[in-house]
Amino acid sequence: MTSNSLIRVENLKKSFGSKVVLDGIDLDISPGESFVVIGGSGSGKSVLIKCILGLLSPDSGKIYLKGQDISRLSASQRQELLTHIGMLFQGGALFDSMTVAENVAFGLVQGGGMKKSQARKIALEKLEAVDLSPDVADIFPAELSGGMQKRVALARAIATNPDVIFFDEPTTGLDPIVSSTINDLIVRCVRKLGASAVTITHDMNSLRKIADRVGLLFQGKLVWTGTVAEMDATDNPYVNQFIHGLPHGPFTDG
Ligand SMILES: Nc1ncnc2c1ncn2[C@@H]1O[C@H](COP(=O)(O)OP(=O)(O)OP(=O)(O)O)[C@@H](O)[C@H]1O
């Protein structure tokens, strides 16, 4: 593998029954790089991320995280690797029965075995990093707006200072102004950590703010990858149809 890859995916294939979802994905993501996966609904974006995270087993192919073949890890090695990975999934998925601070500290205490007092101190720092005041630390997620819940979820995703963070549709369900704030925070937090980011989004504004490189998934393959500037300049018919939302093109015309 290239010495510089934080994530390497080689010829990844995954089907459910007769439905081929991923059909030979190759991907390299460098340290500090922000890679955004786009593609139509049901094109396999979440399946790709779940395979990289080890939540789904590929049918074939290889996935390396920080140089380690994830299929060969023991349970304890996998657990250790996961402490270097942050995740912000659709809906935020905060624990309703825990306070904001407990939510943010969760991975530090559970995964990292940190003392609660130390984890709380870090949780407050991470809340500050997403522009939330310590006043929210001891209230419950249900008392917060959707945008503030997203900030808490972001604070939780960065709590362990991960090397890579996965974002699954981080701005879905938020209004454009709140989305813009969340995008700015994502960029700021990811840069500050020097982490890599892998993001799934349908939100082109979000993509333009956060992507260093973009990959377009169609019929199980990454049919195009490039920078945002290359995306705007390309005459690739898949990219053109997708980013301009055109009614005709390879997505719809077969
Ligand atoms: N556990 C599963 N069992 C069976 N089929 C699955 C499973 N997970 C995903 N699929 C199927 O795989 C395909 C890709 O799903 P995936 O969730 O990755 O799409 P997506 O690109 O993330 O879509 P969206 O943009 O709508 O979230 C879909 O047809 C879905 O029904």
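When a ligand or atom number is given, it counts from 1 through the structure's own listing order. Side-chain atoms are counted along with the backbone in the values below, which use heavy atoms only and exclude waters and symmetry mates.
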Next on the checklist: Quick check on atom 7 (C) of ligand 1 - does any protein heavy atom sit closer than 4.0 Å to it?
Outcome noted: yes

Checklist entry - Would Phe35 and Thr225 satisfy side chain to side chain contact (heavy atoms under 4.5 Å, CB included), going step by step from the backbone distance to the final call? => result CA-CA 10 Å; Phe35 188 81; Thr225 56; 4.1 Å; yes

Item to check | side chain to side chain contact (heavy atoms under 4.5 Å, CB included) evaluation trace for Leu81 with Leu65 | outcome: CA-CA 8 Å; Leu81 191 64; Leu65 268 177; 3.8 Å; yes

Next on the checklist: Taking side-chain hydrogen bond (donor to acceptor under 3.5 Å, both in side chains) as the criterion, tell me which of Asn183, Asp232, Asp203 meets it with Arg208.
Outcome noted: Asp232

Next on the checklist: Are more than 12 heavy atoms, taken from residues, nucleotides or ligands other than His248, located less than 6.0 Å from that residue's NE2 atom?
Outcome noted: no

Checklist outcome for this item: If you scan protein heavy atoms around atom 12 (O) of ligand 1, the nearest is Val21 CG2, 3.4 Å

Checklist entry - Among the heavy atoms of Gly40, does any lie under 4.0 Å from an atom of ligand 1? => result yes

Checklist outcome for this item: atom 3 (N) of ligand 1: closest protein heavy atom, distance to 0.1 Å, is Phe16 CD2, 3.4 Å

Item to check | Arg191 atom CZ, over 12 foreign heavy atoms within 6.0 Å | outcome: no

Next on the checklist: Once you restrict to heavy atoms under 4.0 Å, what part of Val47 touches ligand 1? Side chain, backbone, both or neither.
Outcome noted: both

Checklist entry - Between Gly42, Gly39, Ser41, which one has a non-hydrogen atom sitting closest to atom 19 (O) of ligand 1? => result Gly42

Item to check | Per-residue contact class, Lys50 against ligand 1 - non-hydrogen pairs under 4.0 Å | outcome: neither

Checklist outcome for this item: Counting from 1 in the order shown, the ligand 1 atoms closer than 4.0 Å to a non-hydrogen atom of Ser43 are 19 (O), 20 (P), 21 (O)

Checklist entry - Is there a side-chain contact between Asn205 and Ser179 (heavy atoms, below 4.5 Å)? => result no

Checklist entry - Short check: is a protein heavy atom less than 4.0 Å from atom 31 (O) of ligand 1? => result no

Checklist entry - What protein heavy atom sits nearest atom 29 (O) of ligand 1, and how far away is it? => result Lys19 CE, 2.8 Å

Checklist entry - Do Val20 and Ile63 share a hydrophobic cluster, counting only Ile, Leu, Val, Met, Phe, Trp and Tyr and linking them when any side-chain heavy atoms are less than 4.5 Å apart? => result no

Checklist entry - To which protein heavy atom is atom 17 (O) of ligand 1 closest, and what is the distance rounded to 0.1 Å? => result Ser46 CB, 3.6 Å

Item to check | Same cluster (ILVMFWY, side-chain, under 4.5 Å), Leu144 and Phe140 | outcome: no

Item to check | For atom 27 (O) of ligand 1, closest protein heavy-atom neighbour | outcome: Glu169 OE2, 3.6 Å

Next on the checklist: Give me the nearest non-hydrogen protein atom to atom 25 (O) of ligand 1 as residue plus atom name, then the distance to 0.1 Å.
Outcome noted: Lys45 NZ, 2.7 Å

Checklist entry - Quick check: are there more than 12 heavy atoms from other residues, nucleotides or ligands sitting under 6.0 Å from CD of Glu230? => result yes

Checklist outcome for this item: Counting from 1 in the order shown, the ligand 1 atoms closer than 4.0 Å to a non-hydrogen atom of His202 are 25 (O)

